[in-house]
Amino acid sequence: MAILANDTVRTALQIVLAIVIVVLGYVLYRSIRGPQELYEREQALTEATRERMSYIRDAMRGYEREHGRYPTSLDSLVMAVKTDSFLVAKRDSIFALAEGESFNPDSLPYSPRPGRQRFDLSIVRDDSTGGIVYLLKDPGSEDFIGTDDPKRAAGMLNAASWE
């Protein structure tokens, strides 16, 4: 009888230890994988934000080629993308849309990050030279395109901080 009781205790102890091992294995997996998933999500948001900022840059350049100046605000740019015949005709190539993919111009001024903050756009005119530059900034990161210093426009006008 004592031998049977020892076998039952041993089997119960093995089952409990197996459950503890599985639970601890899962906790270890989540402690490693959780931060990795968070990093991957943040990287995907950064890429989506940079792509949206690049779309704005391309639309700004198209607007400037067509009208000889930059739009005064992101709302003006959105309106031009929706109504300007040149930008409407070039929309697929400007925004590098894939086959069957659609683009919503109303989403252009907003970051794809949670909270959908608006990008900051400033247009600066140098009164001494008449040059005009723009600076587009993402409020959710340190990313920017362009410059707010007309004297540095030669190398920075359409340059992105991440390129």
Side-chain angles (χ1 to χ4, degrees), residues 24-163:
L24 288 176
Y26 178 76
V27 168
L28 179 62
Y29 170 79
R30 291 307 309 157
S31 68
I32 292 170
R33 193 67 192 130
Q36 179 65 27
E37 289 171 352
L38 181 64
Y39 173 78
E40 289 170 358
R41 267 194 311 274
E42 185 60 34
Q43 286 301 108
L45 283 172
T46 297
E47 287 302 313
T49 301
R50 289 176 175 177
E51 181 178 48
R52 179 84 46 91
M53 291 176 74
S54 293
Y55 286 167
I56 293 171
R57 172 181 54 190
D58 294 343
M60 295 274 292
R61 292 171 69 189
Y63 186 98
E64 194 269 337
R65 277 193 300 273
E66 185 68 15
H67 299 282
R69 60 182 175 81
Y70 292 112
T72 56
S73 69
L74 289 173
D75 292 331
S76 299
L77 182 64
V78 168
M79 189 57 92
V81 168
K82 288 173 152 181
T83 61
D84 185 279
S85 59
F86 174 77
L87 292 174
V88 168
K90 299 288 185 182
R91 188 181 296 170
D92 289 350
S93 63
I94 288 174
F95 301 119
L97 298 177
E99 182 77 28
E101 188 178 4
S102 64
F103 177 73
N104 178 8
D106 292 322
S107 69
L108 202 56
Y110 299 98
S111 171
R113 295 181 190 281
R116 292 189 35 91
Q117 293 179 316
R118 283 179 67 92
F119 293 114
D120 296 326
L121 175 66
S122 18
I123 308 291
V124 179
R125 174 184 291 279
D126 184 359
D127 293 331
S128 63
T129 64
I132 298 174
V133 295
Y134 70 90
L135 178 64
L136 177 68
K137 295 192 303 187
D138 173 24
S141 73
E142 298 296 317
D143 290 341
F144 65 90
I145 295 178
T147 180
D148 58 357
D149 183 1
K151 293 171 182 39
R152 295 179 57 200
M156 301 291 293
L157 184 58
N158 291 306
S161 61
W162 63 88
E163 295 176 329

Give the table of side-chain donor-acceptor pairs shorter than 3.5 Å for residues 135-145, with sequence neighbours excluded, one pair per line with atom names and distance.
| residue | atom | partner | partner atom | Å |
| --- | --- | --- | --- | --- |
| Asp138 | OD1 | Gly140 | N | 3.1 |
| Asp138 | OD2 | Arg113 | NE | 3.2 |
| Asp138 | OD2 | Ser141 | OG | 2.8 |
| Ser141 | OG | Asp143 | N | 3.1 |
| Asp143 | OD1 | Arg50 | NH2 | 3.2 |
| Asp143 | OD2 | Arg50 | NE | 2.9 |

Donor-acceptor contacts, no H, no angles, side chain residues 70-78, under 3.5 Å, sequence neighbours left out:
| residue | atom | partner | partner atom | Å |
| --- | --- | --- | --- | --- |
| Thr72 | OG1 | Ser76 | OG | 3.4 |
| Ser73 | OG | Asp75 | N | 3.4 |
| Ser73 | OG | Ser76 | N | 3.1 |
| Ser73 | OG | Ser76 | OG | 3.1 |
| Asp75 | OD1 | Arg118 | NH1 | 3.4 |
| Asp75 | OD1 | Arg118 | NH2 | 3.2 |

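With sequence neighbours excluded, the residues satisfying side chain to side chain contact (heavy atoms under 4.5 Å, CB included) with Leu24 are Val20. Remark: Gln43 engages Tyr39 in a side chain to side chain contact (heavy atoms under 4.5 Å, CB included) (not counting sequence neighbours). The side-chain hydrogen bond (donor to acceptor under 3.5 Å, both in side chains) search around Asp120 returns none, not counting sequence neighbours. Under the ring-ring contact (aromatic ring centres under 6.0 Å, His included) criterion, Phe119 pairs with no residue at all, not counting sequence neighbours. Asp106 is linked by a salt bridge (Lys or Arg N to Asp or Glu O under 4.0 Å) to Lys82, counting only residues two or more places apart in sequence or in another chain. In terms of the side chain to side chain contact (heavy atoms under 4.5 Å, CB included) criterion, residue partners of Arg41 (sequence neighbours excluded) are, by chain and number, Glu37, Leu38. Scored by the side-chain hydrogen bond (donor to acceptor under 3.5 Å, both in side chains) test, Arg116 finds no partners at all (sequence neighbours excluded).
Taken to the nearest 0.5 Å, the CE atom of Met60 stands 11.0 Å off from the CZ atom of Arg69. Summarising the geometry, atom OG1 belonging to Thr147 is positioned 10.5 Å from atom OH belonging to Tyr134; distances are rounded to the nearest 0.5 Å.
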- Could you walk me through whether Glu64 and Ile132 pass side chain to side chain contact (heavy atoms under 4.5 Å, CB included), step by step? CA-CA 11 Å; Glu64 194 269 337; Ile132 298 174; over 6 Å; no
- Task: Take Met53 and Trp162 through the side chain to side chain contact (heavy atoms under 4.5 Å, CB included) test and state the conclusion after the steps.
- Result: CA-CA 11 Å; Met53 291 176 74; Trp162 63 88; 4.0 Å; yes
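The two residues Ile56 and Leu108 make their nearest non-hydrogen contact at CD1-O, 3.3 Å. Leu45 and Pro112 get closest at one heavy-atom pair: CD2-O, 3.6 Å. The minimum heavy-atom distance linking Arg52 with Tyr110 is given by the pair NH1-O, 2.6 Å.
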